[in-house]
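For reference, the structure is listed below as structure tokens.
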Amino acid sequence: MTAPVFVVEELPAGRSEFVLDGPEGRHAVSVKRLRAGEAVVLTDGAGRWAEGEVVAAEGKDRLVVSLKDVVEEPAESPRITVVQALPKGDRGELAVETMTETGVDAIVPWAASRCVTQWKGERGLKALAKWRATAREAGKQSRRVRFPDVADAATSKQVAALLARADFAAVLHEDRDYGSEPLATAQLPTEGEIVLVVGPEGGVSPDELALFEEAGAKAYRLGRSVLRTSTAGTAAAALILGRTGRWS
């Protein structure tokens with residue numbers, strides 16, 4: 001079995017004995033039921049990680065681990081950011097989960113004009129916290145040691161500014177009356193940042209398309225079928241990861 005991943009705030013500089021406690025320690029001891037001799041991986045979620053071996057399980061929430069040297073995993077290139085319009089219900093967490101498992105580097109929640117869901121006040125803060133928690137848990141589940149950044153919710157103008165800085169920017173948009181190119185044949189950079197925009201169920205509005213086009217983002221389509229907003233980002237990211245060699 002592949003060693004389970006646990007998140008810590010900070011890893012020691014060299015080999016040492018480390019105590020995993022708190023919620024992660026409780027999960028390791030009471031849920032995973034890890035015992036002496038079993039392998040684990042500890043990470044800060046920002047690229048630093050270390051293999052370890054369980055020395056002892058103490059009580060219900062303390063795991064004593066003998067750590068090997070800490071390794072720094074470099075950031076992937078090109079970096080892939082997905083701007084995700086806010087879906088209804090729990091489809092936002094589904095999108096974050098699958099994009100994290102696929103390998104997306106950053107996720108930007110977007111309050112598009114046609115979004116039914118709106119993040120406002122305390123409700124918005126709770127929704128953002130759920131997205132970030134989902135990215136963390138999906139990162140652990142998929143054995144990642146560098147979790148995706150989940151930014152604060154962005155307006156369309158903020159998304160346009162992000163697109164203007166990208167080395168390649170694409171708006172996923174399928175409309176018979178609006179010209180779009182296949183993403184499968186787009187010329188992609190080998191480094192830098194790729195930004196993909198996923199619209200809401202009602203699609204990207206004409207005003208938003210014009211704003212993003214002015215920022216340098218063209219409209220692209222994935223295929224003949226139209227994907228839901230909660231799956232389009234994952235499918236597009238998988239295509240990009242394969243074409244740029246990050247899955248090789």
Side-chain angles (χ1 to χ4, degrees), residues 5-10 22-24 26-27 43-48 75-76 79-142 144-166 169-172 193-205 208 211-212 215 217 227-237 240:
V5 176
F6 297 96
V7 182
V8 297
E9 289 188 7
E10 187 175 354
E24 292 289 270
R26 187 176 303 108
H27 186 73
T43 180
D44 62 0
R48 298 183 76 246
E76 296 277 9
R79 176 180 169 88
I80 299 174
T81 296
V82 175
V83 176
Q84 174 66 59
L86 306 178
K88 293 183 292 184
D90 60 358
R91 287 190 172 274
E93 288 98 279
L94 173 63
V96 171
E97 180 180 51
T98 54
M99 286 191 289
T100 299
E101 293 172 354
T102 302
V104 165
D105 302 294
I107 299 168
V108 179
W110 171 37
S113 63
R114 292 178 175 173
C115 284
V116 174
T117 298
Q118 295 294 325
W119 286 2
K120 295 180 180 179
E122 189 66 25
R123 180 181 179 183
L125 293 175
K126 288 182 179 179
L128 178 60
K130 282 185 178 181
W131 279 36
R132 288 173 172 164
T134 299
R136 173 188 170 108
E137 292 307 311
K140 291 164 55 179
Q141 182 66 33
S142 55
R144 290 181 62 168
V145 296
R146 187 179 289 276
F147 302 161
D149 299 318
V150 179
D152 293 340
T155 64
S156 294
K157 287 185 177 180
Q158 289 170 328
V159 171
L162 178 64
L163 296 171
R165 297 192 299 268
V171 180
L172 303 181
E193 182 161 18
I194 293 173
V195 180
L196 306 172
V197 177
V198 178
E201 297 293 352
V204 184
S205 73
E208 290 163 340
L211 178 65
F212 296 161
L227 301 181
R228 299 199 69 164
T229 185
S230 54
T231 55
T234 299
I240 296 295

Trace of the side chain to side chain contact (heavy atoms under 4.5 Å, CB included) decision for Arg48 with Thr43: CA-CA 6 Å; Arg48 298 183 76 246; Thr43 180; 5.8 Å; no

Between Glu137 and Glu93, does the side chain to side chain contact (heavy atoms under 4.5 Å, CB included) criterion hold? Intermediate values first, please. CA-CA 11 Å; Glu137 292 307 311; Glu93 288 98 279; over 6 Å; no

Rounded to the nearest 0.5 Å, how far apart are [atom1] of [X] and [atom2] of [Y]?
X: Ser142; Y: Glu97; atom1: OG; atom2: CD; answer: 9.5 Å
X: Thr81; Y: Leu162; atom1: OG1; atom2: CG; answer: 6.0 Å
X: Thr134; Y: Asp90; atom1: OG1; atom2: CG; answer: 9.5 Å
X: Leu86; Y: Cys115; atom1: CG; atom2: SG; answer: 4.5 Å

With side chains defined as the heavy atoms from C-beta onward, is the minimum distance between [X] and [Y] less than 4.5 Å?
X: Val82; Y: Val198; answer: yes
X: Val7; Y: Arg136; answer: yes
X: Arg165; Y: Leu163; answer: no

Side chain to side chain contact (heavy atoms under 4.5 Å, CB included) evaluation trace for Asp149 with Arg79: CA-CA 11 Å; Asp149 299 318; Arg79 176 180 169 88; 3.3 Å; yes

Apply side chain to side chain contact (heavy atoms under 4.5 Å, CB included) to Glu76 and Asp105, showing your working. CA-CA 8 Å; Glu76 296 277 9; Asp105 302 294; 4.2 Å; yes

Search all heavy atoms of [X] against all heavy atoms of [Y] and return the closest pair with its distance.
X: Leu196; Y: Ala237; result: CD1-N, 4.1 Å
X: Ser156; Y: Leu211; result: O-CD2, 3.6 Å
X: Thr100; Y: Arg144; result: O-NH1, 2.8 Å
X: Val104; Y: Pro148; result: O-CB, 3.4 Å
X: Phe212; Y: Val197; result: CE1-CG1, 4.1 Å
X: Ala232; Y: Leu172; result: O-CD1, 3.9 Å

Just to verify, what does Asp152 make a salt bridge (charged side-chain N to carboxylate O under 4.0 Å, His left out) with, not counting sequence neighbours? Arg132

Pair up each side-chain donor or acceptor in residues 119-131 with any protein partner under 3.5 Å, not counting sequence neighbours, and list the distances.
none

Any salt bridge linking Arg146 with Asp44? Criterion: basic side-chain nitrogen under 4.0 Å from a carboxylate oxygen. no

Is it the case that over 12 heavy atoms from other parts of the model lie below 6.0 angstrom from the CD atom of Gln141? no

Identify the residue among Gln84, Arg91, Lys88 that makes a side chain to side chain donor-acceptor pair (under 3.5 Å) with Thr229. Gln84

Strictly by modelled atom types, are Glu208 and Ser205 linked by a side-chain donor-acceptor pair under 3.5 Å? yes

Residues Glu201, Arg228; criterion salt bridge (charged side-chain N to carboxylate O under 4.0 Å, His left out); working and verdict: CA-CA 7 Å; Glu201 297 293 352; Arg228 299 199 69 164; 3.3 Å; yes

